[in-house]
Amino acid sequence: MKILFLTIYLLTLLVMPAQAAPIQISMLAQGDAITDPTSLLRYALPIDNNQVRRLQKDIEEIAKYLRSKRWGPIQSNLKDAYLVTSLRKDLLLASVPEGKQPQAEELIDQITNQITELQTITKTKDKEQVWEKRRVILDEITTLQELMVQGYPFEVPAEYSNLPQLKGRATIEIETTQGLLTVVVDGYSAPVNAGNFVDLVDRGFYDGLNFVRNPSDFVVQFGKPEGKEEGFIDPETGKYRAIPLEYLIKEDELPTYGVTLEESGIYLADLALPFSAYGTLALARPENEPNGGSSQVFFFKFDTELTPPGFNLMDGRYSVFGYLVDGKKVLENLTPADKIISAKVIKGKENLVRPND
């Protein structure tokens with residue numbers, strides 16, 4: 001299946017006068033894009049709690065300061081984070097359903113203790129220990145945020161209700177000939193695309209399939225079945241399972257289906273799941289057929305020409321439904337000579353809803 005990468009548009013930029021192209025990019029590419037997949041997944045959770053977002057930001061920013069060895073700002077962030085968990089616990093708990101509040105309260109106390117430990121570690125200026133403790137705290141913050149999610153936020157349009165849906169999240173482990181890839185797929189932002197992928201993984205569809213040769217060096221594609229078919233043929237209907245383009249604009253209540261951002265006349269939209277992280281997982285589709293995807297998907301290996309902050313050319317043209325959270329080195333080394341040994345759902349299978357369930 002051929003993936004459309006706006007080749008003509010990109011070539012146009014490349015052949016523009018040298019003084020012209022950079023002006024357009026510099027005017028539009030403003031701000032810093034979030035490139036950490038776990039951070040993107042945290043921000044994509046359907047929760048509304050300013051205090052937990054403040055806590056998340058304080059701990060995530062430590063990475064930026066740690067790289068430049070700016071210990072003062074790290075201490076400042078930790079002080080702010082401690083104030084949130086110790087003095088504003090009630091505001092954090094306000095977003096947690098009553099039945100989960102005892103678990104959340106215990107978790108908040110645990111995060112507070114971890115922050116105190118990190119404050120002590122920071123004084124030693126041991127980068128490795130700070131980095132590891134930061135990771136532990138962020139994992140606990142993620143768990144706290146997941147406790148704040150109250151039900152599933154919307155229903156997909158009736159025309160797509162005959163397709164599998166993921167009402168929540170799932171973790172997929174893909175064993176390849178190069179090693180393991182771990183992916184988190186997000187049904188809160190892309191329920192149909194995520195549901196299709198989890199369903200196919202659960203069926204064992206991807207087991208034994210080779211990675212597909214692609215002319216681009218920033219894409220690793222897989223999911224083309226053996227034979228003439230380009231996608232999954234549903235054994236129950238005998239028909240090609242077509243999956244629509246699907247993306248969620250932040251602040252929108254429902255995802256957009258079947259039309260690209262460009263076709264909608266929307267530019268530079270802030271998407272819940274953007275193409276800004278190495279290992280972004282998206283649905284491949286035929287050129288000029290937004291709703292023609294099926295089983296073929298691709299990992300985007302990141303390309304600064306296509307995804308500068310504020311001017312991401314990939315967003316809204318393909319359906320992002322997850323991110324690689326472990327196995328970056330493995331993804332870097334994959335070639336068409338490699339194949340998937342097996343893929344399995346290791347967490348969140350209960351969130352998969354099939355049409356006949």
Checklist outcome for this item: Between the CG atom in L281 and the CD1 atom in I172, the distance rounded to the nearest 0.5 Å is 9.5 Å
Next on the checklist: Please determine whether residues I47 and I249 belong to a single hydrophobic cluster, defined as Ile, Leu, Val, Met, Phe, Trp and Tyr linked transitively by side-chain heavy-atom distances below 4.5 Å.
Outcome noted: no
Checklist entry - Above 12 or not: heavy atoms from other molecules or residues under 6.0 Å from NZ of K347? => result no
Next on the checklist: With heavy-atom distances below 4.5 Å as the criterion, would you say the side chains of V192 and Y257 are in contact?
Outcome noted: yes
Next on the checklist: Whether the side chain of T116 engages the backbone of T112 through a donor-acceptor N/O pair (distance < 3.5 Å, no angle test) should be reported.
Outcome noted: yes
Checklist entry - According to a 4.5 Å side-chain heavy-atom criterion applied to Ile, Leu, Val, Met, Phe, Trp and Tyr, with indirect links allowed, do V353 and F321 form part of one hydrophobic cluster? => result no
Checklist entry - Any donor-acceptor pair under 3.5 Å linking the side chain of S295 with the backbone of G223? => result yes
Next on the checklist: Looking at every non-hydrogen atom in both residues, tell me the closest pair between A33 and S276 and how far apart they are.
Outcome noted: CB-CB, 4.3 Å
Checklist outcome for this item: CD (Q129) and NZ (K133) are apart, to the nearest 0.5 Å, by 9.0 Å
Item to check | Note, P191 side chain near F154 side chain (heavy atom, < 4.5 Å) | outcome: yes
Item to check | Side-chain ion pair, K89 and D109, N-O less than 4.0 Å | outcome: yes
Next on the checklist: Within the 3.5 Å criterion, strictly below it, is a donor on D338 or T177 matched to an acceptor on the partner's side chain?
Outcome noted: yes
Next on the checklist: Looking at R53 and N49, would you say the former's side chain and the latter's main chain have a donor-acceptor pair under 3.5 Å?
Outcome noted: no
Checklist entry - With sequence neighbours left out, which residue pairs that include part of residues 195-206 fulfil the side chain to side chain donor-acceptor pair (under 3.5 Å) condition? => result N196-R241, D199-R203, D199-R241, D199-R354, D202-K349, D202-R354
Next on the checklist: Less than 4.5 Å apart, side chain to side chain, heavy atoms only: is that true for V320 and Y247?
Outcome noted: no
Checklist entry - For P244 and S319, which heavy atoms make the closest approach, and how far apart are they? => result O-OG, 3.7 Å
Checklist entry - Should I62 and I137 be counted in the same cluster of Ile, Leu, Val, Met, Phe, Trp and Tyr side chains packed under 4.5 Å apart? => result yes
Checklist entry - How about D48 and M148: do any of their side-chain heavy atoms sit closer than 4.5 Å? => result no
Next on the checklist: If I compare all heavy atoms of P97 with all of Q150, which pair ends up nearest, and what's the gap?
Outcome noted: CG-CG, 3.6 Å
Item to check | T124 (side chain) donor-acceptor with I121 (main chain) under 3.5 angstrom | outcome: yes
Checklist entry - Without hydrogens or angle criteria, can the side chains of N333 and Q178 be said to hold a donor-acceptor pair below 3.5 Å? => result no
Checklist outcome for this item: What one should report as the nearest heavy-atom pair of L93 and A104 is CD2-CB, 3.8 Å
Next on the checklist: Tell me whether L166 shares a hydrophobic cluster with F232, the cluster being built from Ile, Leu, Val, Met, Phe, Trp, Tyr side chains joined at under 4.5 Å.
Outcome noted: yes
Next on the checklist: Checking N351 against Q165 for the side chain to side chain donor-acceptor pair (under 3.5 Å) test, could you report, in this order, the C-alpha distance in whole Å, the side-chain angles of both residues, the deciding distance, and whether it holds?
Outcome noted: CA-CA 8 Å; N351 295 324; Q165 299 173 41; over 6 Å; no
Checklist entry - Do the side chains of L78 and D58 get nearer than 4.5 Å, heavy atoms only? => result no
Next on the checklist: Looking at Y278, I'd like to know if the NZ or CZ of K328 sits under 6.0 Å from its six-membered ring centre while staying within 45 degrees of the ring's axis.
Outcome noted: yes
Checklist entry - Which value, rounded to the nearest 0.5 Å, describes the distance between Q101 atom CD and E98 atom CD? => result 6.5 Å
Checklist entry - Is the backbone of A337 close enough, under 3.5 Å, to the side chain of T335 for a donor and an acceptor to pair up by distance? => result yes
Checklist entry - Any ion pair linking E155 and K167 (charged N to carboxylate O, less than 4.0 Å)? => result yes
Item to check | Check: I341 and T176 side chains under 4.5 Å, non-hydrogen atoms | outcome: no
Checklist entry - Can you tell me if T143 uses its side chain to pair, donor with acceptor, with the backbone of D139 under 3.5 Å? => result yes
Checklist entry - At what distance, to the nearest 0.5 angstrom, does CG of N77 lie from CG of L55? => result 10.5 Å
Checklist entry - Quick one: ring-ring contact (aromatic ring centres under 6.0 Å, His included) partners of Y43, sequence neighbours excluded? => result none
Item to check | Audit row: Q110, E140, side chain to side chain donor-acceptor pair (under 3.5 Å) steps and yes/no | outcome: CA-CA 8 Å; Q110 189 171 324; E140 292 174 346; 2.6 Å; yes
Next on the checklist: Could you measure the distance from the CD atom of E146 to the CZ atom of R42? Nearest 0.5 Å is fine.
Outcome noted: 10.0 Å
Checklist entry - Is the shortest distance from a Lys or Arg side-chain nitrogen in K57 or E60 to a carboxylate oxygen in the other one below 4.0 Å? => result no
Checklist outcome for this item: Which of V184, D326, V185 passes side chain to side chain contact (heavy atoms under 4.5 Å, CB included) with T171? Answer is V184
Checklist entry - Do K125 and K69 pass the side chain to side chain contact (heavy atoms under 4.5 Å, CB included) test, and can you show the C-alpha distance, the side-chain angles, and the key distance before you say yes or no? => result CA-CA 8 Å; K125 298 185 179 181; K69 298 181 180 181; over 6 Å; no
Next on the checklist: I'd like to know whether CD of E251 has more than 12 heavy-atom contacts from other residues, nucleotides or ligands below 6.0 angstrom.
Outcome noted: no
Checklist entry - Taking it one step at a time, do F222 and N210 satisfy side chain to side chain contact (heavy atoms under 4.5 Å, CB included)? => result CA-CA 7 Å; F222 64 96; N210 279 78; over 6 Å; no
Next on the checklist: Less than 4.5 Å apart, side chain to side chain, heavy atoms only: is that true for L41 and V325?
Outcome noted: yes
Item to check | L271/K250 under side chain to side chain contact (heavy atoms under 4.5 Å, CB included): CA gap, chis, key distance, verdict | outcome: CA-CA 5 Å; L271 300 188; K250 287 183 180 179; over 6 Å; no
Checklist entry - So which heavy atom on A170 is nearest to which on V345, and how close? => result CB-CG1, 4.4 Å
Item to check | Between S189 and D186: side-chain donor-acceptor atoms closer than 3.5 Å | outcome: yes
Next on the checklist: I need the minimum non-hydrogen distance between N291 and L245, along with the two atoms involved.
Outcome noted: OD1-N, 3.2 Å
Checklist entry - Without hydrogens or angle criteria, can the side chains of Q296 and Q221 be said to hold a donor-acceptor pair below 3.5 Å? => result yes
Item to check | Test log, rule side chain to side chain contact (heavy atoms under 4.5 Å, CB included), inputs L200 and V198 | outcome: CA-CA 5 Å; L200 293 178; V198 174; over 6 Å; no
Next on the checklist: With a 6.0 Å cut-off (strictly less than), is the heavy-atom count around CG of N162, excluding the residue itself, greater than 12?
Outcome noted: yes
Next on the checklist: When you compare the side chains of D36 and T38, does any donor N or O come within less than 3.5 Å of an acceptor on the partner?
Outcome noted: yes
Next on the checklist: Could you check whether K301 pairs with E332 (Lys NZ or Arg NE/NH1/NH2 to Asp/Glu carboxylate O, under 4.0 Å)?
Outcome noted: no
Checklist entry - Once you round to the nearest 0.5 Å, how far does CD of E246 lie from OH of Y160? => result 9.0 Å
Checklist entry - So do F299 and L181 actually touch side chain to side chain, heavy atoms under 4.5 Å? => result yes
Checklist entry - Hey, is the main chain of V84 close enough, under 3.5 Å, to the side chain of R54 for a donor-acceptor pair? => result no
Item to check | E128 atom CD: more than 12 heavy-atom contacts under 6.0 Å | outcome: no
Checklist entry - Going hydrophobic residue to hydrophobic residue with side-chain gaps under 4.5 angstrom, can you get from W71 over to W131? => result yes
Checklist entry - How is the hydrophobic cluster of L87 composed, in terms of its other members, when Ile, Leu, Val, Met, Phe, Trp and Tyr link through side-chain heavy atoms under 4.5 Å apart, directly or indirectly? => result L83
